[in-house]
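Residue numbers begin at 1 in each chain, while the letters A, B, ... track the order of the sequences.
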Amino acid sequence: MANEELNQVELNQLEEEYNELIRQRIQKLEELKEKGQDPFEIVKYDRTHTSKQIKDNYEELENKTVKVAGRLMSKRIHGKAGFSDIHDRYGKLQLYVKIDNVGEEKLKFFKSLDLGDIIGVEGEVFKTKTGEISVLVKDFTLLTKSLRPLPEKWHGLKDPDLRYRQRYVDLIVNENVRDTFIKRTQIIKAIRKFLDDRDYIEVETPILSPIAGGAAARPFITHHNALDIDMFLRIATELYLKRLIVGGFERVYEIGKNFRNEGIDVRHNPEFTAIELYQAYADYNDMMELTEQLVEFVCKEVLGTTKVTYQGTEIDFKAPWDRITMKEAVKKYAGIDFDSIQSDEEAREIAKKMKVEDELKKELKDCNKADILVALFETYAEKHLIQPTFVLDYPVEVSPLTKKKPNDPAFTERFEAYVFGREIANAYSELNDPIDQKERFLQQLRERELGDDEAYMMDDDFINALEIGMPPTGGLGIGIDRLIMFLTDSYSIRDVILFPTMKPTK
RNA sequence: GAGCCACUAGCUCAGUCGGUAGAGCACAAGACUUUUAAUCUUGGUGUCCGGGGUUCGAUUCCCCGGUGGCUCACCA
C-alpha cells in the first residue's frame with residue numbers, strides 16, 4: 001500500500017475517533033514535530049519562581065527576569081500583543097506578550113497555543129496599569145501540547161459524573177475543588193501533628209487479612225493464589241492495633257483506608273479513610289477529651305477558627321462538647337424512660353407505639369430492650385444532635401469489643417460523637433477480658449448463623465493476645481472523610497475523595 | 001437493592017405540542033500593542049446516551065438497557 005493511502009486510512013481513523021477540535025490540536029502538534037519542536041521531547045524546565053513567589057515578593061522582583069511555568073488558561077490577543085493567564089499550583093499569573101519583545105514569528109506561535117497547553121516562560125516581572133502583577137514575556141517554550149479542549153471557562157465542569165471520573169479536569173478548572181483537597185491534606189497533617197506531639201506512634205497494619213474484624217460490616221473478599229486462601233480487605237484496624245497495645249506500644253494510631261462492601265451514597269464510599277488510636281491506661285472519658293481537643297486543634301490549625309458553616313448551619317467545634325447518655329437522649333427526644341422499662345415484652349410494646357418497627361434489623365418478636373433503645377435513639381434523637389455531642393453508654397449487645405459499665409453491666413463504656421445528626425467518631429473503654437471477649441465473639445457467631453452476615457468474625461489470635469494481657473485501654477475511631485466534609489462544607493463524601501468509587505463505563 | 005429525575009456541540013445550557021436542532025464559551029479566518037468573562041466582523045460544530053416499538057416520519061411518544069443525581073434501605 002502506498003504511503004499516501006496509508007495516511008488517508010490514518011486520517012479516516014482520526015475522523016472517527018476525534019472531533020474537529022482535537023484533530024486541529026493534533027495537526028498543530030504534527031507541524032511542531034516537523035519543525036523539530038516536539039514538546040514531548042522536552043524532559044524538564046528550570047523555573048525560578050512560582051506564581052505565589054512572584055506575587056509575594058513583587059518589590060524585590062520588579063523588573064527582574066524570572067522563569068515560570070504553568071497551564072495556559074486564557075488568552076486575550078490584541079493584534080501585535082496579548083494577555084494570557086497561566087495557572088500553577090498556587091494559582092494564576094498573567095503574562096503580557098508583545099511583538100516588540102518576542103518578534104513576529106514567536107508571537108504567531110503564541111497565538112497558536114491552545115488553552116490547556118503547558119508552557120515555560122522567561123520574562124520580566126512588572127505591574128500593568130491596572131496594577132496586576134504580571135510577566136512581560138521575552139521567550140517561552142511549549143512544554144506539553146494539550147490535545148483535548150478544557151471545559152468552559154466561566155461555568156467550569158459541572159456534570160458530577162465527569163467531575164468524579166475525570167477529577168484531573170475538575171481540579172484544573174474548579175478552584176474550590178483544589179481548595180477542598182488541599183484542606184484535606186492539611187487536616188490529616190494536623191491530626192498527625194496533634195498525636196505525634198502527644199507521643200503516639202503511627203503504625204501500619206494489614207489491609208489484606210484472613211479475618212475481617214473490628215466492626216460490623218460486609219467485607220470485600222479476594223483470593224491469594226500462592227497460599228490458595230480467600231482473604232478479606234480490612235473493615236477496621238481495631239484488632240491489630242490492640243495487639244500492639246498488648247505488645248507494649250501504649251499509644252498507637254493508624255490512618256488508612258477501610259473497605260466495606262456496602263451501598264454508595266452521599267455519606268458512604270466503599271473505601272474510606274479512618275483513624276483509629278489506642279491509649280493504654282485510659283478509658284472512654286479520656287477518649288472524649290482527646291476527641292474534642294483533637295478536632296478543636298485541627299479546626300484552629302486549618303481554618304483558624306472552631307466555627308464552621310455546614311450547609312447553612314453554624315457548628316462550633318470548640319471543646320468541651322455536650323455529653324448525653326443514650327438513655328437520656330431517648331428520654332429527651334422520644335419521651336421514653338428506659339429505666340422504668342422492666343421487660344423485653346414491655347419494650348416491644350413501646351416500639352409498636354413509637355412506630356420504630358421498620359427501623360429494627362430483626363423481627364420485632366426477636367428484639368430485646370437494647371435493640372429498641374437503639375432504634376428509638378436513631379429515629380428520634382440522632383437528628384437533633386447538630387452541635388458536636390457525645391452520646392454515651394451503648395447497650396452491650398451492639399458493642400462486642402467494649403467493656404461493660406462496672407455498675408450497670410447491660411451497658412458499655414462506649415460513646416459516639418455526633419455532628420449535624422451524623423456519627424463522626426466511635427470510642428470505647430476497650431474490653432480486655434479474654435474470657436468475656438471470647439463469649440462475645442461466640443454470641444456474634446450465633447448471630448451470623450441466624451443470617452446476620454455483618455456479625456463479627458471469631459479471631460482466635462486476638463483472644464490469644466488478650467490472654468497474654470492487654471492493659472486497660474481507651475480506643476477511638478474517627479471517620480476522616482466525614483470530618484473533612486464538615487470542615488470543607490462538602491455535601492457529598494465524593495467531594496472529599498479524589499477518586500470516588502464509580503461504576504466503570506462500558 | 002427500590003422509587004423519582006436527568007442525559008442535546010469539547011463545556012454550560014436552550015429547544016423541537018412528532019417533520020434530523022440552537023445560544024454562549026471554546027475553535028477557525030480577519031481587525032485590534034495594557035486586557036482580565038477583552039472587544040468587533042465572519043464561519044463550521046452534533047450517533048440529540050444505546051437498543052427496540054408505534055408512526056409515512058422519533059432527539060421528541062412508549063418499552064428495555066446504560067451512566068449519573070436525589071430520596072429511601074444497608075452502613076461509618
Looking for any heavy atom pair under 4.0 Å, which part of the strands does [X] touch: base, sugar-phosphate only, or nothing?
X	result
Gly477(A)	nothing
Gly263(A)	base
Lys129(A)	base
Lys80(A)	base
Arg218(A)	sugar-phosphate
Lys98(A)	base
Asp100(A)	base
Lys28(A)	sugar-phosphate
Arg494(A)	sugar-phosphate
Ile77(A)	base
Arg163(A)	nothing
Glu132(A)	base

Donor-acceptor under 3.5 Å (Thr402(A) side chain, Pro400(A) main chain):
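Looks like no, no N/O pair under 3.5 Å.
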
Checking the side chain of Asn174(A) only, and the main-chain atoms of Asn176(A) only, is there a donor and an acceptor separated by less than 3.5 Å?
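No: the side chain of Asn174(A) does not pair with the backbone of Asn176(A).
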
Is any side-chain N or O of [X] under 3.5 Å from a base N or O of [N], one able to act as donor and the other as acceptor?
X	N	value
Asn19(A)	rU45(B)	no
Gln94(A)	rU35(B)	yes
Asp265(A)	rC74(B)	yes

Rounded to whole angstrom, note down the P distance from rC70(B) over to rU34(B).
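Approximately 47 Å lies between the P atom of rC70(B) and that of rU34(B).
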
My understanding is that only one of Asp393(A), Thr291(A), Thr412(A) makes a side chain to side chain donor-acceptor pair (under 3.5 Å) with Tyr284(A); could you say which?
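Single side chain to side chain donor-acceptor pair (under 3.5 Å) partner of Tyr284(A) among Asp393(A), Thr291(A), Thr412(A): Asp393(A).
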
So do Tyr164(A) and Ser492(A) actually touch side chain to side chain, heavy atoms under 4.5 Å?
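In contact.
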
Have Arg414(A) and Ser399(A) got a donor and an acceptor in their side chains that come within less than 3.5 Å?
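There is such a pair between these side chains.
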
